[in-house]
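Protein chains get the first letters and strands the later ones, always in sequence-line order, with residue 1 at the start of each.
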Number of protein chains: 2
Amino acid sequence: MSVESWEHQAQKGRDILQDSIPKQWLVPAEQLPPITQKNVVDFPKLGGLLDERDLRITELSATGLVAEMGAGRLTAEDTVVAFLRRAVLGHQLLNFATEFLADEAVARAKELDRYFQQTGKLVGPLHGVPISVKEHIGFKDKTCNTGYVAWIDNVTTEDALLLQLLAKAGAVFHVRTNQPQALMHLCCSNNITGATLNPHNRTLTPGGSSGGEGASMGFRCAPLGIGTDIGGSIRCPAAFCGSYGFKPTAMRNPMTGIKVAAIGQESIHGVVGPMSSRSLDDLELFQKAVLDQEPWETETSLVPLPWKTVAPTRDMTVAIMWGDGIVRPHPPVVRALQLAKGKLVAAGIKVIDWEPYKHDHGWEIISALYYPDAAGLQRQMLRDSGEPARPLSEWVFSFGRATPLTHHETWALQHQRDVYRDEYQALLKRRGVDFILSPAYPAAAAVMGESHYWNYTAIWNVLDLPSAVFPSGLTVDSKLDALTEKDKNYKPRSKVDEREWLKYQSPERYESAPVALQITGRHFKDEETLAAAKFVEGIMKEAKKVSRL
Amino acid sequence: MSVESWEHQAQKGRDILQDSIPKQWLVPAEQLPPITQKNVVDFPKLGGLLDERDLRITELSATGLVAEMGAGRLTAEDTVVAFLRRAVLGHQLLNFATEFLADEAVARAKELDRYFQQTGKLVGPLHGVPISVKEHIGFKDKTCNTGYVAWIDNVTTEDALLLQLLAKAGAVFHVRTNQPQALMHLCCSNNITGATLNPHNRTLTPGGSSGGEGASMGFRCAPLGIGTDIGGSIRCPAAFCGSYGFKPTAMRNPMTGIKVAAIGQESIHGVVGPMSSRSLDDLELFQKAVLDQEPWETETSLVPLPWKTVAPTRDMTVAIMWGDGIVRPHPPVVRALQLAKGKLVAAGIKVIDWEPYKHDHGWEIISALYYPDAAGLQRQMLRDSGEPARPLSEWVFSFGRATPLTHHETWALQHQRDVYRDEYQALLKRRGVDFILSPAYPAAAAVMGESHYWNYTAIWNVLDLPSAVFPSGLTVDSKLDALTEKDKNYKPRSKVDEREWLKYQSPERYESAPVALQITGRHFKDEETLAAAKFVEGIMKEAKKVSRL
């Protein structure tokens, strides 16, 4: 294809987006903050563009919304319209959407309201909850491009299984969200709808690849969102945008109908999982709503493990990983870990330090297995349209080996992966550790285009451990997080360490960025991991109250 | 390596075997039946070589043995010695062993007896049960060649995880058993210890690749055995030898320490499972003993599903698959299905006919995925020693494509595999079918060297459905199974159908062969599948008694 024609195709993607925006809620440009205003998180409140009621609705969690609707104090229609209005505003500020689904969403909300009026019952546990959806999760009769210009015209024939289940539980899908080219940056820009911005600081990336979801959560365009993660793509956006994200153990959530180029690649399983703007409870609400419908009866690769309700407990050992032994985390991230440690200890939890185990080895395995074909398929996808590779695509295509792995090399790596998993599990047991509390990324967030280092999240993908991200409650602070003399004299351990450390020239580069924590549990201990996350977040927020539990 | 040197290496394997045979129990050649005597199943009883007590012990099931030992009426030592004696005799007649473990086994039995004497308790649910073990399941400090001359000197550093768990449950390993070259014939011959024979008819193969186990079960050299299966390698030997075998759903039984050339290959998962000489109950005893120890805590690829105790039920729909639409089963196999249908209907079970769904497509997928590298690794293994490929190795190496698959082709096949699995599951649900009763093979057993057609068993591997094989109670009958005029005029559907049909020149080729049935359940319904197998076997054996349930 010629340059003209890929641009022509890309324009189609932009047209789909533009045509879908509900124009009645667009805010005139002159009422928007200047692009030089970095932090827009509070703009809905301060800008006076949403009325009190819409603000109140959009500040609620999914759990809270369902409770309000169940009590008859709120309609699904009002809920969906409020989030649509906020999402339109969010899109104007952050460019996070790829397609609005306003008419369908409002129509579905009205249906739900009628059902409630007639029966006095909610349709299901997600009745009326607006959910934003990463673009590559297929919607029937809609296009699905997965960040590739070559796929602009691809129309999906059936809703992804996950969407079917969520819809049955009462969810309403009101907006589809942006992703990077090739779906593999921890950043969010492509040649179709461009780059998505971070609502806390628009010089930062919202993270990726579920970056549109990150922005959606950070700006509260929806109480719940759906991301996918093969190296951090749920957790980095959640972390960078001050929200919540959960990467379940693989083979729990249904993947059918989620479009990726390398479909059938299973050396490293991508997973789909919830993101939330408000709470860890909402992540669990989502998981339970999905797994209660036994998706393994339809998608037989899934493991038939029902979702268990697990109460948080003090009877656990939390290991704090201060660093991965490869890249030193930035000062704000260390400060959040220190705060967590203090609060955990004060709450009487057993806390130890986690010495990372061969994380470089883990990275060698996963980085080689992302693209056993040396990214041949991805490069072909770009050639198919003629679109140029974006810098972070080149970055990720260069992971692993320069030439395709042989089958034997692939098998050997898969075997090493399994051995590494078993070794890590044995170590957790030997050290008596239930959960590892760690950074989600070396920085609080990444400056646009700079999200190079994946291994604070990818390590839990190669190990296939469930992992949740939540806000520590801290943001980058120019005083508290200023480089000390000791910091300034830090001698990086490697080029990679140096590259990441030098990005922290000053806290101001990361102004207003929220600082997240990541908690990781044992294989298939998804429920326990979310419960532990709730416990830790609880004591971070209200140490006093929780200590009386 | 030169021809001389591979022969030299192979001789080492034979030396290990010869040195290990407990000479005190060897029977002088002149007391053995002539090699022209095909059926030797009853030789232990008729030959007068085992005393009454040894006969009585070796006729018991594992469940029965444990009960006797628990009641103090039998010692582990007597049990192990009785089975060792029978195994030595069996080996002289069938060449099924690769190494005897007599001293270790007797020593371990004595330990168990001491424990029982001191505590009045059994060590575990498999206390004192002798188990024969397919050679490629690794024993600490013993060689493990997996049927390759190149690996004759390979010494294992740790017991396979499965062996560790079984040993903890009280099992005693007394003999290791033969497998074919490259581990991939439904037959059992290699360049090291040669060919194993079928105890029911020594011109037939015991099946493979767990052929040594087949012979061990058929001759009752052990009440329980351990086989592995990636296309029928547990079920064909069980079927051909008139015994019992169970292929669980993948990712339930632990694979760590089971040695294969393509370790890390996971497009099609090989599984390990129990074989039994006496009963389906013993298969369950084995499964429960293993899974009660939560192997997923050590081997994290496994699914954390505890073994459930499931009672047989009449509330099920059984579909009978009379053929797979590709290869017509031989008359004795059809006769067994007819008998089963009659008994099931008489017992009031809902029975329908199963129309196979794209079994040719299933075969295309699995046959391509066995060797994505066009068997390059396997051929290299043969070149490494210089040993010649045996005819059935060439046969299986020629499955699939002639050149290695690209990564993209492999992923596409893996995706097709998952789609096929989901389609099959949807079909089972739509038709309301719980179990499929089918042949295990087109013939009752295969004549030595003729086991070419895999797809009556391999189909359940590509679909990853749990599948059990048990004797129908029938054997090939020269009168009842004679070719009718209609049979003689059968026009095969294809070359493959013709090849398999023409093998049935007369029932006499399969004289004395037992006829098995195979029952297959839904994904992860392992417990239900074994329960259904028990029900069907029960009514086959004693229709009257069961109908009063």
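A distance of 4.0 Å separates CD of A:E266 from CZ of B:R417, quoted to the nearest 0.5 Å.
The contact list for residues 157-166 of chain A toward chain B, using heavy atoms and a distance under 4.5 Å, is empty. Below 4.5 Å, heavy atoms of chain B meet heavy atoms from A:P372, A:D373, A:G376, A:L377, all part of residues 368-382 of chain A.
The shortest distance between side-chain heavy atoms of B:T256 and A:D422 falls below 4.5 Å. Inter-residue side-chain proximity for B:L405 and A:H407 is flagged as met; some heavy-atom pair is nearer than 4.5 Å. Using a 4.5 Å heavy-atom threshold, the side chains of B:Q265 and A:H408 count as separate.
Partners of B:K288 according to the salt bridge (Lys or Arg N to Asp or Glu O under 4.0 Å) rule, which considers only residues two or more places apart in sequence or in another chain, are B:D292. The side chain to side chain donor-acceptor pair (under 3.5 Å) check on B:Q416 picks up nothing, with sequence neighbours excluded.
In the displayed structure, A:K140 atom NZ is contacted under 6.0 Å by at most 12 heavy atoms of other residues, nucleotides or ligands. For CD of A:E409, the number of neighbouring non-hydrogen atoms (other residues, nucleotides, ligands) closer than 6.0 Å is greater than 12. Within a 6.0 Å sphere centred on CD of A:E294, other residues, nucleotides and ligands contribute more than 12 heavy atoms.
A donor-acceptor pair is defined here as one N or O able to donate and one able to accept, closer than 3.5 Å; no such pair exists between the side chain of B:H523 and the backbone of A:L302. Distance alone, capped at 3.5 Å, is enough to place a donor-acceptor pair between the B:Q425 side chain and the A:E297 backbone.
Using a 4.5 Å cut-off between heavy atoms, B:T410 touches chain A through its side chain atoms alone. Neither the backbone nor the side chain of A:A426 comes within contact range of chain B, judged by heavy atoms closer than 4.5 Å. Looking at A:T300, the atoms closer than 4.5 Å to chain B (heavy atoms on both sides) sit in the backbone and in the side chain alike. Looking at A:L463, there are no atoms closer than 4.5 Å to chain B (heavy atoms on both sides), in backbone or side chain.
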